[in-house]
Amino acid sequence: MISTELSKAYDPKDFEQRIYSQWVKEGAFHPDENGKEHFTVVMPPPNVTGILHMGHALNNVLQDIIVRYKRMKGFKTLWVPGTDHAGIATQNVVERQLAKEGLRRQDLGREKFIERTWTVKEKHHGIITSQLKKMGCSCDWDHERFTMDEGLSKAVREAFVTLYERGLIYKGQYLVNYCPKCGTALADDEVEYENMPGMLYDVRYPYEDGSGYITVATTRPETMFGDVAVAVHPDDERYKNIVGKLLCLPLTDRKIPVIADSFVEREFGTGMVKITPAHDPNDWECGRRHGLEAINLLNPDGTLNENVPEKYRGLDPVSARKLVVEDLQEQGYLVKQTPHAHDVGHCYRCHTVVEPYLSDQWFVSMKGMAEKALKALEDKDIVFYPKRWENTYIHWMENIRDWCISRQLWWGHRIPVWYCKDCGQMTVSRTDVTECPHCHSHNLEQDPDVLDTWFSSWLWPFSTLGWPEKTEDLKNFFPTDTLVSAYDIIFFWISRMIMASEEFTGKAPFRDIVITGLVRDKQGRKMSKSLGNGIDPIEVIDLYGADAMKFTLCYLAAQGQDVQIDMDSFKMGSRFANKIWNATRFLLMNAEGRNLVSIEPDKLTVIDKWIYTRLNRTIETIDRAMDSYRFNEAAQGVYSFFWNDFCDWYVEATKQRLFNGSDEEKDLVVSVMIDLLSQSMKLMHPFLSFVTEEIYQKLPGSEGLLISQQFPSVRPEFDFPAQEALVSQLQEAVRIVRSARSQLSIAPEKKFKVVIRPSENFTGTALFEEEKDLMSSFMGASQLIIDKSSSEDVSSAYPSTALGYEVFSFVREAIDVDAEIKKLESEIEKASKSLEGTMKKLSNPQFLQNAKSEAVAKEQGKKAEFEEKIRKSEEHIALLRKL
RNA sequence: GGAGGAUUAGCUCAGCGGGAGAGCGCCUGCCUUACAAGCAGGAUGUCACAAGUUCAAUCCUUGUAUCCUCCACCA
């Protein structure tokens, strides 16, 4: 005997937290030991600097959907959560905190600073994990990792030393991108270029022999103190004869030669370039080709150093530029200055202008790894969804440059290299070195730099599973299966993970790479802190519930397209969750006191058969969509099945049997509905995890947690394509009558006779006869006649045609057509009179000229309104006259 | 300079070779004993533009326009 119910209204706050605790308590997120194959997802680790934004929500919601789906499909599923120490970003946060107290990191010292950073990490880590839990993420918390925890630190050292041993890591003095504010080198892809207005200065460099001067164009005159040559194109006829001549460098007493190099664009500026190897990447290359010295002009803090004349020392480049230009002008060297917009590199973390900076840095040589990574794609070891990202990946890999991995920061993995102060030798080691292996001195110093954050995250898919140890986890869960990430970190992270994985494990780290779009606001702008246009996922959850957020994001997440949303967007998911709740509440109310009976296919009515077939089709849709990560299609599939098919048609069609049937009928109906509900909850669980779990546990006959149930599969014995087609015809007939009723504005309580006249070869006749009562009640008919013999007099009825049959609605029974027409005519007359008045005003030139513009607009609005009213009424009358 | 994406209803977007769709908004009528966060019905579209391929094009090809993103780079 069934006895269970749902509380009155849907309120996610009543159960979401409770359900999450229940899942955790019952170990539902751990891989199922009895599962068949393994299925692994590693979570892109959020930076421990901030809190999760809508992009994270989208990303994690999609992962959760995949993971729950696979888990219910019987896979031994593991979702590894974790966080990233985010070197520069986190250090910046702490330094900003210190700045508020009037302190710099140097005031604390390295150790104290790192200590303090850990507390910041702990705080944000706490927020992030609680956010993930609130969202409902079913990741295995026992497997949670942090990029700086012990195991991962070991992995980082292993990776560094192994690459060093393989000759793939080297140290040297090179020109790197340097952020003066962060005080560290950056990798090439950590620089963001932004088009900015600037000036192009033409400067005279006189010949040493006093025979005149040449003119060079530059945007950065302050770097002229680092000039070591002026270059022209070797084939440039204008300058052929001056190659080799010496020039006087203005504002200094240095002499520099004119050289020929084919990288010079003859058309740009004067066709002459000053060569400043220490402050421009092109010049650096050129300088190397010609064996020229590189004169570094900058201090680590970005100010000019002792290699510039005294009056400019200590200035930042911008002030120095101003002063240099003034001096050049004063001394007659400046020919002209013209506005010139150009791209300027900025630090991707603090947005300071980066400087090319000559310094000692560590690099990874990438070419060989890139080739392996390209091969992985070629061999289809990795597949991008959507496919177009493969081009981006290929292009990046083919044009890869060596990776600068050293950072002049304190927060991060210290480079595992020690220098002996006595013998000067360098030692690269997996373990801390306390004694120099070369001279046995204890006077050692570890390299002060730390590694780029991505040097730890590129190991993530296997370091989190225990690498370099040969752990069970690594054996069982690696390679992972699906990676879900936004496209903005394909280069930073995805590409490098593939390279690292190929290099260290010989395998691709994952098979499917699902690239999501970015979350934008309704103006299409990227959500960002500085714009303040972000939507906080927690606010969404507090307002609408986690299921509403998850379902909405999923519904909108079409194949890597960006999604534009605002707070109201989430109403969609909220309404759907509410609908599910209420449908269940209705069924449970009516199930009260009934008995569950077994469901035999041959006992089912045609409507039952129809809904079961719809269920099968929906299962197929979901499976197909999930196989190719088309989340929006899956979401649409469950939505239309549950709302349109199940609620709007099935439940409505069943009410008669439910209210008025025999006990036996009622038991069967209830049993079928509970079964359908149970199947639906399973089907929808990946997409609306909390509400389905809450409901499932209340369903009679359900056992255990929904999260651990088998995902529904197509049941052939409940598949009735013929009945499905017949019910579609029935629905069509019902729609026709409803439409006629609505067009003629006939109130629902007014019943009228309906005659359906099937053609001879119409397949639905038998069904229509069988389901006459049902159709009749759907149509609001007083009487429904299936007129096979065409004997009914339908001359006075409102006719409609469908494929295979005609429908005649005897609306005269419900309304007095003549009175109706009279009423409409008087309405037309009234409206016409009003229109006349309005037209009079509008055709009066004085009115148009003198009246307030609002008044004119109002009259014009009225005019349109009256015309519309007349048109509609006339249409309506025409319709009625046909009867 | 190179690559990619977008352009479909008022808004946000699905649809990837034969029927133009969803959610929101709008209009009409309904508090029908689950849900007004609802039910029923409805209006709104030269599917950016132009050519081409095809029996058939929103969908494929080529061009054009506008918007966006990424990569490279201009001294």
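Just so you know, these numbers use all the heavy atoms, side chains as well, and skip hydrogens, waters and symmetry mates. To find a chain, count down the sequence lines: A is the first, B the second, and so on, and within it residues start at 1.
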- Message: Would the distance check show the side chain of A:Thr552 and the main-chain N or O of A:Gly573 forming a donor-acceptor pair, the cut-off being under 3.5 Å?
- Response: yes
- Message: Strictly distance-based, threshold 3.5 Å: is any side-chain N or O of A:Thr218 a donor or acceptor partner for the main-chain N or O of A:Tyr201?
- Response: no
- Do A:Lys550's NZ or CZ and the ring of A:Phe690 fall within the cation-pi criteria of under 6.0 Å and 45°? no
- Message: Quick check on B:C13: is either OP1 or OP2 less than 4.0 Å from any side-chain nitrogen or oxygen of A:Gln564?
- Response: yes
- Counting only side-chain N and O atoms of A:Lys571, is one of them less than 4.0 Å from OP1 or OP2 of B:G38? no
- Can you tell me which residue pairs pass the salt bridge (Lys or Arg N to Asp or Glu O under 4.0 Å) test with a partner in residues 275-289 of chain A, sequence neighbours excluded? A:Asp261-A:Arg289
- Comparing nearest nucleotides in RNA chain B, the 5'-proximal residue of the pair A:Asn391, A:Asn590 is A:Asn391
- Assign each of A:Arg388 and A:Thr584 to its nearest nucleotide of RNA chain B by heavy atoms, then name whichever residue's nucleotide is nearer the 5' end. A:Arg388
- Message: Do the side chains of A:Arg238 and A:Asp236 get close enough for a salt bridge, i.e. N-O under 4.0 angstrom?
- Response: yes
- Salt bridge or not for A:Arg617 and A:Asp645, using N-O below 4.0 Å? no
Which nucleotide wins on minimum distance to the side chain of [X], given the candidates [options]?
X        : options             : value
A:Thr218 : B:A34, B:A37, B:A75 : B:A75
A:Gln561 : B:G5, B:C74, B:C71  : B:G5
A:Ser574 : B:A37, B:C35, B:C70 : B:A37
A:Tyr487 : B:A34, B:U69, B:A75 : B:U69
A:Arg401 : B:A37, B:A72, B:C70 : B:A72
A:Met589 : B:A37, B:A34, B:A75 : B:A34
A:Asn578 : B:A34, B:A37, B:A75 : B:A37

With rounding to the closest Å, how many angstrom separate the [atom1] atoms on [N] and [M]?
N     : M     : atom1 : answer
B:G41 : B:G21 : P     : 15 Å
B:A75 : B:A6  : P     : 33 Å
B:A43 : B:A9  : C1'   : 10 Å
B:C24 : B:C67 : C1'   : 24 Å

Could I get a table of every N or O pair under 3.5 Å where one atom is in the protein and the other is in nucleotides 40-43 of chain B?
from: B:A40; atom 1: O3'; to: A:Arg738; atom 2: NH1; distance (Å): 3.4
from: B:G41; atom 1: O2'; to: A:Ser742; atom 2: OG; distance (Å): 2.7
from: B:G42; atom 1: OP1; to: A:Ser739; atom 2: OG; distance (Å): 3.4

Any side-chain donor paired with an acceptor under 3.5 Å for [X] and [Y]?
X        : Y        : result
A:Arg575 : A:Asn578 : no
A:Tyr348 : A:Glu192 : no
A:Asp566 : A:Ser569 : yes

Whole-Å gap separating [atom2] ([N]) and [atom1] ([X]):
X        : N     : atom1 : atom2 : value
A:Asp261 : B:A75 : CG    : P     : 16 Å
A:Leu676 : B:A34 : CG    : P     : 19 Å
A:Trp389 : B:A3  : CH2   : P     : 16 Å
A:Met673 : B:A34 : CE    : P     : 11 Å

- Residues, nucleotides or ligands: over 12 heavy atoms within 6.0 Å of A:Phe586 CZ: yes
- Does CD belonging to A:Glu194 count more than 12 external heavy atoms closer than 6.0 Å? yes
Within the structure shown, what part of the strands sits under 4.0 Å from [X] by heavy-atom distance: base, sugar-phosphate, or nothing?
X        : result
A:Lys655 : base
A:Phe576 : nothing
A:Glu265 : base
A:Val216 : nothing

- Note on the structure: side-chain contact (heavy atoms from CB on, under 4.5 Å) filter on A:Thr618, not counting sequence neighbours, yields A:Ile622, A:Phe641, A:Leu683
- Determine, using ring centers only, whether A:Tyr798 and A:Phe752 are less than 6.0 Å apart. no
- Could you go through the side chain to side chain contact (heavy atoms under 4.5 Å, CB included) check for A:Thr223 and A:Lys274 one step at a time? CA-CA 10 Å; A:Thr223 64; A:Lys274 64 193 215 42; 2.9 Å; yes
- Message: Contact list please: residues 221-232 of chain A against RNA chain B, heavy atoms, distance less than 4.0 Å, in numerical order.
- Response: none
Under 3.5 Å, N/O pairs linking protein and nucleotides 15-26 of chain B:
from: B:A22; atom 1: O2'; to: A:Tyr555; atom 2: OH; distance (Å): 2.7

- Quiz item: A:Asp343 side-chain donor-acceptor pair to B:C73 base, under 3.5 Å: yes
- Task: Check the pair A:Val258, A:Tyr239 against side chain to side chain contact (heavy atoms under 4.5 Å, CB included), reporting the backbone distance first and the verdict last.
- Result: CA-CA 9 Å; A:Val258 176; A:Tyr239 305 127; over 6 Å; no
- Query: Which dot-bracket notation, 5' to 3', represents the base pairing of RNA chain B when pairs are defined as Watson-Crick or G-U with both distances under 3.5 Å, crossing pairs as [ ], and inter-strand pairs as |?
  - Reply: (((((((..((((....[..)))).(((((.......))))).....(((((..]....))))))))))))....
